[in-house]
Amino acid sequence: MDRIRIVGGNKLNGVIPISGAKNAALPLMIASLLTDDTLTLENVPHLADVEQLIRILGNHGVDISVNGRRERQGESYARTIHFTCRNIVDTTAPYELVSKMRASFWVIGPLLAREGKARVSLPGGCAIGTRPVDLFIEGLQALSANIEIDGGYVNATAPAGGLIGARYTFPKVSVGATHVLMMAATLANGTTVLGNAAREPEVADLANCLNAMGAKITGQGTSTITIEGVRSLSGARHRVLPDRIETGTYAMAVAMTGGDVILEDTDMALLDTALEAIRRAGAEITETNSGIRVVRNGAGIKPVDIVTDPFPGFPTDLQAQFMGLMTMAKGTSHITETIFENRFMHVQELARLGAKISLSGQTAKIEGVSRLKGAPVMATDLRASVSLVIAGLAAEGETMVSRVYHLDRGFERLEEKLTRCGAHVERVSD
Ligand code: UD1
């Protein structure tokens, strides 16, 4: 199994191209199930989760062709992928496939909308809490779906004439349930109004793509989304928006090691709250023609308290990385996680590098130390694993991160991007 070896201590200097967002690419790919025409997605990142979803969609009858294109010499392999689902050949998403990635559960929306039935295994994914699917079920029931849970599967059927538009207000903000209800409602009879919907940029990206396919969605990016059902959707061409989590991760890496890096092909507006926290921690952040410039020279890292929240709040997917940064702050900071109840598994691994962190409920207290020291550590989930990489970049000596398959799920060419900015990072295959 691959490991990542980091020799810390170098500042980061150079340019890092930001990939297309994993969390936008996955629902966009799933939207291809809604039409018998071709959906073409540009700027699709090359990640293990994308490859896994390609297998899952193939199982349902989606014909997929990839035009690999080397966009920039040696830097990024953003791909254009064509998805064509002339017929849905199987409405079952089996446990063997769904258990590997939670987002694959989301096929339930399009399958139900287009075929009137779906049998989807209850999901797996990152072990960061119980992550139930009650909101999906409640929402689909509001659209008149009949749902039964049997033997680890969700069996859903639509009324004879198809799903029926309705008003549904989420009791809790859920990105995935918003994606699914929005997709299901595009082909429902009548109008659906979703209240307390997720406002994440990836939700708006999906809505924009669905509209390009002929859907009638308004209000995306706000907490009330209105979907007027249409009879059918057509193909479209859509570019996946930049990955705000990758952007924030590298910005935090530079804030931690010091240096001067341009994050290319990304957009500050996607992560205002996180960038503001990084600024308060002592980095200078400015907009450039091609993206974002992050600089930290001389000044030490200042402690900053954060609380994770749905968009536009501080993203839970950057919480672990920010904790990495705070381990070397000059003073004490507090990080409160409000989205997932078990998302502090990186704490004990950061402690192996010398970090001083104590947990009380959903809040971590981080007492900054003046230096971290490299050690063997274990990746526990996608975002936690990259926080260990960031900390390793700033630690003295060698940090060896095992279980890097977590990283490969969400970070494209991580070691190459960092190495080109002067870091000592290499993949070691056993
Ligand atoms: C998505 C992101 C993930 C991110 C998360 C929160 C993708 C592929 N993944 O995950 O990276 O960390 O949003 O920003 O886009 N919940 C319920 N019942 C449900 C559904 C969710 O209680 O039926 C809870 C979850 O357990 C969690 C909270 O709602 O506590 C938010 O989860 P949700 O927004 O649904 O996360 P995902 O869409 O799975």
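For ligands, and for the atoms within them, numbers begin at 1 and follow the listed sequence. In this chain, numbering begins with 1 at the start of the sequence shown.
- Not close to ligand 1: A177, with no non-hydrogen atom less than 4.0 angstrom away.
- Look at E337 and you'll find every heavy atom at least 4.0 Å from all atoms of ligand 1.
- Within the 4.0 Å heavy-atom criterion, the part of K172 lying near ligand 1 is the side chain and not the backbone.
- Compare T338, V175, V173 by their heavy atoms: the one nearest to atom 34 (O) of ligand 1 is in V175.
- Listed by number with element, the atoms of ligand 1 under 4.0 Å from a non-hydrogen atom of G176 are 35 (O), 38 (O).
- Annotation for ligand 1: atoms under 4.0 Å from non-hydrogen atoms of R102 are 20 (C), 39 (O).
- With distances taken over non-hydrogen atoms, the option nearest atom 5 (C) of ligand 1 out of F340, F170, W106, F311 is F340.
- Polar contact with ligand 1: absent for R383 (N/O pair, distance under 3.5 Å).
- Closest non-hydrogen pair, L163 versus A113, comes out as CD1-CA, 4.0 Å.
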message: I'd like to know whether T35 forms a side-chain hydrogen bond (donor to acceptor under 3.5 Å, both in side chains) with S234, so could you lay out the CA-CA distance, the side-chain angles of the two residues, the decisive distance to 0.1 Å, and finally the verdict.
response: CA-CA 6 Å; T35 174; S234 57; 6.0 Å; no

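- Counted by atom type alone, T249 and Q321 present one or more donor-acceptor pairs between their side chains at under 3.5 Å.
- Proximity to F136 (heavy-atom distance under 4.0 Å) selects the following atoms of ligand 1: 20 (C), 23 (O).
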| query | After noting the C-alpha distance and the side-chain angles of H346 and Q319, does the key distance pass the side-chain hydrogen bond (donor to acceptor under 3.5 Å, both in side chains) rule? | reply | CA-CA 10 Å; H346 41 287; Q319 180 257 106; 2.9 Å; yes

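- Side-chain atoms of S19 and K417 form a donor-acceptor pair, as typed in the model, at a separation below 3.5 Å.
- Residue K22 has no nitrogen or oxygen atom sitting less than 3.5 Å from a nitrogen or oxygen atom of ligand 1, judged on distance alone.
- Both the backbone and the side chain of I339 come within contact range of ligand 1, each with a heavy atom under 4.0 Å.
- With S174, A198, P132, A25 as candidates, the residue nearest to atom 19 (C) of ligand 1 on a non-hydrogen basis is P132.
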Run the side-chain hydrogen bond (donor to acceptor under 3.5 Å, both in side chains) check on T308 and T316 step by step: do they pass?
CA-CA 5 Å; T308 64; T316 175; 4.9 Å; no

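- Close contacts between ligand 1 and R343 involve ligand atoms 12 (O) [criterion: under 4.0 Å to a heavy atom].
- The T316 neighbourhood of ligand 1 comprises atoms 6 (C), 12 (O), 14 (O), with distances under 4.0 Å to a heavy atom of that residue.
- A donor atom on one side chain and an acceptor atom on the other are found under 3.5 Å apart for T40 and H82.
- With ring centers used as reference points, F322 lies under 6.0 Å from F314.
- Looking only at atom types and distance, the side chain of S429 has a donor-acceptor partner in the side chain of D2 under 3.5 Å away.
- No side-chain donor from either of Y168 and Q141 sits under 3.5 Å from a side-chain acceptor of the other.
- Under a 4.0 Å criterion applied to the non-hydrogen atoms of D317, ligand 1 contributes the atoms 3 (C), 4 (C), 11 (O), 12 (O).
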